[in-house]
Every structure is written in C-alpha cells, then in structure tokens.
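Take a look at the structure set out below.
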Amino acid sequence: MGGKGGSGAGVASLLVDGIGVLVTNDPEVGVVEGAALVVEDGVVVWAGERGTAPGGVEERVDAGGRAVVPGFVDSHAHLVFAGDRAEEFAARMAGRAYSAGGIRTTVAATREAGDGELAGNVGRLVDEAGRAGTTTIECKSGYGLTVADEVRSLRVAGGLTEEVTFLGAHVVPPEYAGRGDEYVDLVRGPMLEACAPHAKWIDVFCERGAFDGEQTRAILEAGVAKGLVPRVHAGQLEEGPGVRIAVELGAASADHVTHLSDADVDALASGDTVATLLPGAEFSTRSPYPDARRLLDAGVTVALASDCNPGSSYTTSMPFCVALAVREMRMTPDEALWAATMGGARALRRADVGHLAPGARADFVLLDAPSPIHLAYRPGVPLVSRVWRAGREVG
Ligand code: NIG
Ligand code: FE
C-alpha cells in the first residue's frame with residue numbers, strides 16, 4: 001500500500017518512523033505494515049510505507065516496530081461529579097440490581113462540592129483517560145440538576161473539552177419527586193436558556209425511572225431550537241422510545257442501545273444516528289451486553305465509548321472497552337478499534353479526529369505491542385506507551 005501526501009509534506013516537523021503496523025482508518029491508506037507518519041504544525045501531512053516518507057523533519061521518533069493507532073475518541077462520559085459509589089458497586093456485585101435512582105446519590109455529593117473540587121476531579125479523569133490513549137473526550141453535565149449547578153458543571157467541562165453536553169434531563173431530582181413534568185418544564189425552559197451557551201449537545205436519559213418518550217422529545221426539541229444537537233441515552237435497561245426519537249430528530253448518536261426492537265435497528269440503519277455502545281456499563285452493572293453483531297450486520301455505524309461515571313461505569317479506559325467489545329460483544333479487533341476511534345468521531349460529527357489521513361489532527365498512540373489486536377488479546381495490560389495530541393506528546 002502506497003503513501004498519501006498532503007500540503008506542506010516537505011517541511012514536516014515530526015517523523016514517526018519504524019512503525020510495525022499503522023492503522024490510519026483512511027480508506028485509501030488503510031493499515032500499513034512497515035510504516036511512517038509525518039506531522040507538521042499538529043496535523044498529519046503524510047502516512048504510508050516507511051522509506052517513501054518525505055524528509056526535512058525537525059524531530060524523529062523511532063516506533064521500534066510497534067503499532068501506532070489513532071487516538072481514542074471517547075464520545076460518552078459523565079466526568080463532572082463528586083464522590084464515588086464504590087459501596088453501591090459492591091452491593092450490586094452481591095446481587096442488588098442497578099437502578100437510575102443511584103444518580104441522586106451523586107447529585108447530592110456534586111451539589112455539595114466546590115467548583116475547585118469539581119474541576120480537579122474532571123482534570124484528574126481527563127488526564128487518566130489521556131494516559132490510556134484518549135485524545136478526544138465528550139463530557140456531560142447531569143449531576144447538578146439545578147440551573148446554577150448545571151451551568152457550573154458545563155463551565156467546568158468546557159475548561160477541559162470542546163465536546164460539552166447539557167444533560168439536565170438525567171433524572172428527576174428529589175425536590176421534584178412526583179412532579180416530573182414540572183422538572184421537564186424547568187429543563188426545557190430556564191435551565192436550557194442558561195445552559196445552551198455553554199454546550200454543543202443536548203442529551204436525555206430516556207428510560208423508565210428517568211424520562212419518558214414525550215418528555216424526551218419535548219426537551220430535545222427545545223434544545224434544537226436553541227442550536228444544540230441531540231444525543232440520547234436510549235434502551236439501556238429495557239426497550240423504549242428513545243432510539244426512534246433520536247433518529248426522528250436527527251440525533252448524532254443513540255447511546256447504550258442494549259435493548260432494541262427490530263424497528264429500532266431498522267431506524268438506525270436507515271438514518272445518520274450512530275449507535276454508541278458502552279460495554280463498561282454492562283460490565284459494572286453485570287448486565288447482558290448489547291448485540292453489536294446485529295447492529296453491524298444491519299449496516300449501523302457503531303461507536304464504542306467509556307460512559308465513565310461513578311455509578312454504572314467508573315472507567316476511563318478505552319482499551320478496556322475495546323477488549324470487552326471483542327470478548328463479550330463479538331466485535332472483531334478491527335471493528336472494535338474502528339468503533340473506538342472513527343466511530344467516536346462520527347458520533348461527535350468530527351472529521352478531524354479518529355483517523356490519521358493527511359489533514360487529520362495528529363492524535364495518535366504508540367502501543368507497546370506489535371499489533372493493535374493486542375488491545376483485546378492482552379486485556380488489563382497497560383499497552384499505551386506514548387500519546388500525541390495535535391502533534392504534541394501528552395503526559
Ligand atoms: O449512562 N444512564 C444514565 N446515566 C449513566 C449512569 C449514571 C449513574 O449511575 O450515575 C449511564 O450509565
Ligand atoms: Fe451515560
């Protein structure tokens with residue numbers, strides 16, 4: 001497979017040479033054995049067979065025959081929270097079922113926390129994700145659930161990522177118990193008004209115990225009117241209307257999608273909405289995994305994300321999610337890596353990340369392994385050796 005150049009290839013500043021296997025996710029360049037990658041000003045300018053790479057670089061990195069893959073794009077995470085729910089996890093492992101109600105425990109802790117504590121927590125998790133190879137991460141609000149606490153959650157998230165999601169409709173908070181519709185009016189009214197300037201996306205947890213189809217639609221439509229793009233928590237605990245609403249409203253992604261009707265699968269296959277699978281949640285709630293093969297075989301675009309949150313999936317590790325997807329969801333190693341990189345980029349409607357074609361942001365990971373198959377083949381082993389984001393080494 002030959003190389004593919006872009007503008008400015010002759011004055012590249014960084015050459016990664018001696019790559020054993022380079023995964024570009026670029027249909028033209030594909031997977032290259034014996035590869036090199038050239039970066040200039042934070043952007044990939046050339047990827048292909050080593051030996052044919054343009055010269056004139058300022059810095060050279062020797063990959064030593066190891067694999068290089070695009071940085072992971074984690075398109076679903078809830079990072080703005082205080083405290084943890086380790087005891088709830090332990091109780092679940094002893095037999096108690098997961099329920100959306102646990103979210104209120106974290107809401108109470110988050111409301112109590114100062115801004116500095118929240119920002120510190122998000123920073124710690126973003127760093128942790130970065131060390132595991134994540135170079136783009138989405139971050140939701142949803143543990144504040146008052147106008148002021150949602151705004152500050154979004155501000156904190158916005159300090160660390162451009163992919164910020166307003167999730168005021170995570171669960172009905174205790175002070176609105178029995179008055180869910182009044183809370184929906186708050187979310188789609190004054191809360192949205194205050195939050196929309198701080199977010200790019202709007203999300204709703206459409207599930208029994210959270211928000212029903214009518215409420216979900218009303219909130220998402222209000223968000224769209226304010227210029228936000230929808231994404232939906234759908235079908236996590238049982239089949240419901242979330243997927244249909246997501247597709248009808250042109251949502252970027254329907255997430256979890258563990259419980260799907262045939263009509264849901266058909267709707268996803270015929271629309272532009274990505275199905276984002278979150279196997280960390282099934283792992284941590286000891287639940288059946290989503291049927292990835294059913295979605296892939298129907299032609300649905302599938303993404304993998306961490307769902308990092310203190311209740312249902314307290315992991316920032318995309319390699320762990322890849323391993324789960326391969327072992328538990330019958331995705332091939334190639335499919336899982338694509339879903340964790342390019343799939344995430346599609347779910348965030350980003351053309352500049354998730355791949356290493358010329359023009360892409362130079363986000364890449366050097367694995368301590370000769371092939372990306374090792375991400376699933378050697379689960380739990382820290383194979384992420386070095387990480388670059390926009391051409392700069394992180395960590
Ligand atoms: O995506 N499902 C809703 N939200 C999270 C769980 C949040 C929590 O339990 O704190 C999720 O799994
Ligand atoms: Fe979630």
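Every number for a ligand or one of its atoms is a count from 1 in the order of the listing.
- Put simply, SG on Cys139 and NE2 on His78 are 9.5 Å apart, with the number rounded to the nearest 0.5 Å.
- Between Glu193 and Lys226, at least one side-chain N (NZ, or NE/NH1/NH2) sits under 4.0 Å from a carboxylate O, which counts as a salt bridge.
- Contact detail for Ala196 and Leu228: the closest heavy-atom pair is O-CD2, 3.8 Å.
- Under 4.0 Å from any atom of ligand 1, one finds heavy atoms of residues His76, His78, Arg85, Tyr98, Ile103, Tyr143, His170, Phe205, His233, Gln236, His256, Asp307, Asn309, Gly311, Ser312.
- Remark: the backbone N or O of Asp212 is paired with a side-chain donor or acceptor of Gln215 at under 3.5 angstrom.
- The local environment of CZ in Phe283 is sparse, with at most 12 non-hydrogen atoms from other residues, nucleotides or ligands closer than 6.0 Å.
- The aromatic rings of Tyr377 and His374 sit perpendicular to each other, their planes meeting at more than 60°, with 30° as the lower class boundary.
- Note on His256: not counted as a metal contact of the Fe ion (ligand 2), no N/O/S atom lying under 2.8 Å.
- Between the Fe ion (ligand 2) and Asp307 there is an N/O/S contact shorter than 2.8 Å.
- Taking all atoms of both residues into account, the shortest heavy-atom contact from Leu268 to Thr273 is CD2-O, 3.7 Å.
- The closest approach of His233 to the Fe ion (ligand 2), by N/O/S atoms, is made by NE2.
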